[in-house]
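One structure is given below, encoded as structure tokens.
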Amino acid sequence: MKTRARRLLPTLGLVPFLGYLTVFLFIPTIIIVVGAFTDHGRASLTNIQGLANPTVWQALKQSLILSASTAAIGAVFGSLLAYALVSGNPSGLARRAATSVCGVLAQFGGVMLAFAFIATLSYSGSLTDLLRDHAGIDIFGSGWLFALPGLILVYSYFQIPLMVIVFLPALDGIRVQWREAAENLGATTWQFWRHVGGPLLFPAFLGSALLLFANAFASYATAAALVSQGNPITPLYIRAALTSEIILGRQNLAYALALEMIVVVAIVMAAYALLVRRTSKWLS
Amino acid sequence: MSRTPRQQRARRLRTFRITVFVALGLFFLVPLISMAEYSTRVNGGGRSGAAWAALVTDPDLRSGILTSLELAVLTVVGMIVLLVPTMVWVRLRVPKAARTIEFLCLLPLTIPALVIVVGIAPVYAWVTYFLGNSALTLTFAYVVLVLPYSFRALDAGLSGIDVQTLSDAARSLGAGWFTVIARVIVPNIASALLSAAFISVALVLGEYTFASLLDFQNMQVVIDYLGKSNSQASVAASLAALIFGFLLLLLLTLVGRRRRGEPAVLAPTPQPGQEG
């Protein structure tokens with residue numbers, strides 16, 4: 001009896017940590033799942049059915065378009081930029097500064113990135129003014145910056161840097177010796193990338209693209225600061241559901257929308273985990 | 001004179017690098033330059049620093065910046081108090097729980113902040129009931145938010161030292177657990193603690209989702225709000241915050257430069273499939 005208590009005692013040291021996570025992470029998640037299936041205190045599918053509403057559906061579709069397109073843009077341009085960085089001096093100041101800039105833009109931008117593009121491309125933005133005055137071009141148009149095309153542009157501004165950060169370690173793993181070996185066997189640059197570099201990097205590339213997708217899908221701050229009217233994407237629909245209490249006549253729609261987001265992100269992350277497992281099998 | 005294939009390749013690589021740097025450099029620089037131009041322009045011509053002066057003179061902006069700075073300090077303290085003893089304890093006494101703790105720490109990466117906000121609102125009703133309606137209560141949520149990033153930094157630091165031997169030595173000399181953690185382990189992972197703190201500070205200063213939806217006024221909420229009346233001040237504050245964040249991260253890479261092949265603690269690479 002005494003020895004068993006002794007053995008369990010060290011586990012008690014984890015109680016503060018687990019307690020904290022319970023209150024501020026697990027309980028909120030449980031509240032969402034329970035809330036999504038509850039209406040006026042009773043079990044109900046009303047909120048889930050609310051997800052089938054055409055405007056909610058439209059928001060999800062636009063969210064998926066936004067996430068997929070910026071994941072593709074970010075993955076392509078981000079990997080090019082990462083390769084350009086990796087082919088330089090690895091401990092040079094340029095690379096260090098570039099990764100710091102990427103870190104800031106990828107993860108702390110939020111509201112600030114929205115204002116960066118408001119300063120650039122809004123009606124009286126710097127670039128808009130410049131093109132209007134000197135080239136007679138109206139780049140503002142009918143306000144595309146504040147709709148889906150604008151979101152795609154602004155999201156690219158943090159997706160490309162994020163790709164650089166997550167893809168750099170994979171590129172660092174490509175050894176110069178492999179390149180030299182291929183060259184000694186007479187391979188051209190194209191052949192090296194087609195048969196050696198490409199296949200080696202492809203899983204990491206795809207995995208990074210999935211992370212980018214999840215990242216764009218979960219982003220809120222940039223879109224919230226940029227778009228003040230309408231709910232073109234799911235996160236903004238959640239804002240509307242939270243701030244206006246009752247939307248579409250449903251009290252707990254926000255919970256159902258949050259659950260929808262969890263499901264989408266979980267599917268993407270499960271695919272990512274599968275990919276990582278397959279990659280690590282032959283990398284190690 | 002004909003070039004060898006190797007020289008040709010070097011030339012092509014140089015062209016490729018220059019093209020990429022110029023094209024993407026423009027994409028990234030134009031908005032930043034525009035921010036500087038936009039925030040200093042005066043209607044009818046000329047330049048003025050009025051929008052930048054608003055960073056300290058505007059009462060809302062000033063209090064928002066102060067709130068965010070206070071939150072940053074409190075979050076760092078909370079994160080260290082919660083995470084360091086737990087991680088040391090796991091290594092010393094319950095190594096079986098290591099994978100579980102890692103999984104839990106990385107979990108906030110896979111649950112979007114927006115989703116946590118939706119569920120945390122009822123919890124915050126209790127928090128404000130006990131602690132009052134202060135923006136500083138956001139600390140609780142922010143500690144969860146910075147958990148994955150801090151965990152990575154601290155984990156790298158703890159892996160670099162022999163926690164077991166250090167603690168055995170200290171305890172054989174009569175040190176208690178508090179002394180072991182605070183006076184033996186912590187000084188040995190100072191640079192990891194610094195990394196964790198930097199990342200947390202940067203994350204907190206950029207945080208908008210929790211604050212705006214829980215109705216608290218931190219820096220980002222004020223910047224967003226101000227955008228409707230004085231967009232020049234918002235743009236100035238945004239640029240200032242971005243530059244501050246950049247300097248913070250640059251310092252971070254200098255602190256962590258001794259760790260080789262540093263796997264970028266910033267990279268959000270959660271592995272939800274690795275159950276322990």
Side-chain angles (χ1 to χ4, degrees), chain A residues 10-11 13-14 16-17 20-21 23-25 27-29 31-32 77 80-81 84 87 96-97 99-101 103-104 107-108 110-112 115-120 125-127 157 165-166 168-169 189 211 215 218 220-221 224-225 235 238 242 254-255 258 261-262 265 269-270 273-274 276-277, chain B residues 9 13 16-17 20-21 24 30-32 34-35 37-38 82 86 89 93-94 97 104 107-108 110-116 118-120 122-123 140-141 144 202-203 205-206 208-209 212-213 220 223-224 227 231 234-235 238 241-242 245-246 249-250 253 263-264 266-269 271-273:
Chain A
T11 322
L14 302 179
F17 177 78
Y20 192 92
L21 279 194
V23 174
F24 293 102
L25 189 61
I27 290 184
T29 313
I31 287 176
I32 288 166
F77 290 104
L80 288 178
L81 184 54
S87 50
R96 212 172 274 167
T99 42
S100 301
V101 171
V104 172
Q107 274 155 329
F108 321 123
V111 172
M112 300 170 276
F115 279 102
F117 278 87
I118 288 173
T120 313
S126 300
L127 193 60
Y157 203 71
I165 294 177
V166 297
L168 262 183
T189 302
L211 273 183
N215 181 56
Y220 169 74
I238 293 184
L242 277 180
Y255 293 134
M261 281 192 81
I262 294 181
V265 174
M269 294 316 290
L274 264 174
V276 167
R277 196 173 296 174
Chain B
R9 194 164 71 81
L13 182 64
F16 163 79
R17 294 188 69 200
V20 169
F21 284 141
L24 288 176
V30 165
L32 297 175
S34 297
M35 288 172 97
E37 194 279 324
Y38 187 92
L82 188 70
T86 306
W89 192 253
R93 305 297 304 274
V94 260
L104 292 178
L107 205 54
T110 48
I111 306 179
L114 179 61
V115 168
I116 303 179
V118 174
I120 216 170
V123 175
F140 293 111
V144 173
L203 278 176
L205 293 186
Y208 171 80
T209 309
S212 84
L213 290 172
Q220 298 299 331
I223 288 179
D224 178 37
S231 57
S234 282
V235 169
S238 300
L242 283 174
F246 166 70
L249 288 201
L250 195 63
T253 66
L266 292 166
T269 41
Q271 276 130 31

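Below, read A as the first sequence line, B as the second, and so on, with proteins coming before strands; counting in each chain starts at 1.
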Chain B interface, residue from [options] that has the most non-hydrogen pairs under 4.5 Å:
options                               : answer
A:Ala84, A:Gly125, A:Pro16, A:Ala218  : A:Ala84
A:Leu127, A:Leu274, A:Ile27, A:Ile238 : A:Ile238
A:Thr189, A:Ile118, A:Ile31, A:Val265 : A:Ile31
A:Gly110, A:Ser87, A:Ala225           : A:Ser87
A:Ala221, A:Ala97, A:Pro28            : A:Pro28

- request: Go through the steps to decide whether A:Phe108 and B:Leu205 satisfy the test side-chain contact (heavy atoms from CB on, under 4.5 Å), and finish with yes or no.
  value: CA-CA 8 Å; A:Phe108 321 123; B:Leu205 293 186; over 6 Å; no
Minimum heavy-atom distance between [X] and [Y], given as atom pair plus value:
X        : Y        : value
B:Ser238 : B:Met35  : CB-CE, 3.4 Å
A:Ala224 : B:Tyr208 : CB-CE2, 3.8 Å
B:Gly119 : B:Val123 : O-CG2, 4.4 Å

message: So B:Thr86 and A:Leu14, do their side chains get closer than 4.5 Å, heavy atoms only?
response: yes
message: Less than 4.5 Å apart, side chain to side chain, heavy atoms only: is that true for B:Leu213 and A:Tyr220?
response: yes
Tell me, for [X] versus chain A, whether the close heavy atoms (under 4.5 Å) come from the side chain, the backbone, both or neither.
X        : result
B:Ala241 : both
B:Ile116 : both
B:Ile120 : both
B:Phe16  : side chain
B:Phe246 : both
B:Leu203 : both
B:Val118 : both
B:Leu104 : both

field: A:Met112 CE to B:Leu242 CG distance, which is reported to the nearest 0.5 Å
entry: 5.0 Å
From CZ (A:Phe115) to CD1 (B:Ile223), nearest 0.5 Å: 7.5 Å
query: Does the B:Ser234 side chain pair with the main chain of B:Gly227, one donor and one acceptor, at a distance under 3.5 Å?
result: yes
field: Contacting region of A:Leu80 [heavy-atom separation from chain B under 4.5 Å]
entry: both
message: Given heavy-atom pairs under 4.5 angstrom as the criterion, report whether the side chain, backbone, both or neither of A:Phe24 touches chain B.
response: both
All side-chain hydrogen bond (donor to acceptor under 3.5 Å, both in side chains) counterparts of B:Tyr38, not counting sequence neighbours: B:Ser231
Heavy-atom pairs under 4.5 Å with chain A - which of [options] has more of them than the others?
options                                : result
B:Ile111, B:Leu107, B:Val235, B:Leu82  : B:Leu82
B:Pro108, B:Ala97, B:Ala141, B:Ala202  : B:Ala202
B:Gly245, B:Ala113, B:Pro112, B:Ser212 : B:Pro112

field: ring pair (Phe, Tyr, Trp, His ring centres under 6.0 Å) partners for A:Phe117, two or more places apart
entry: A:Tyr157
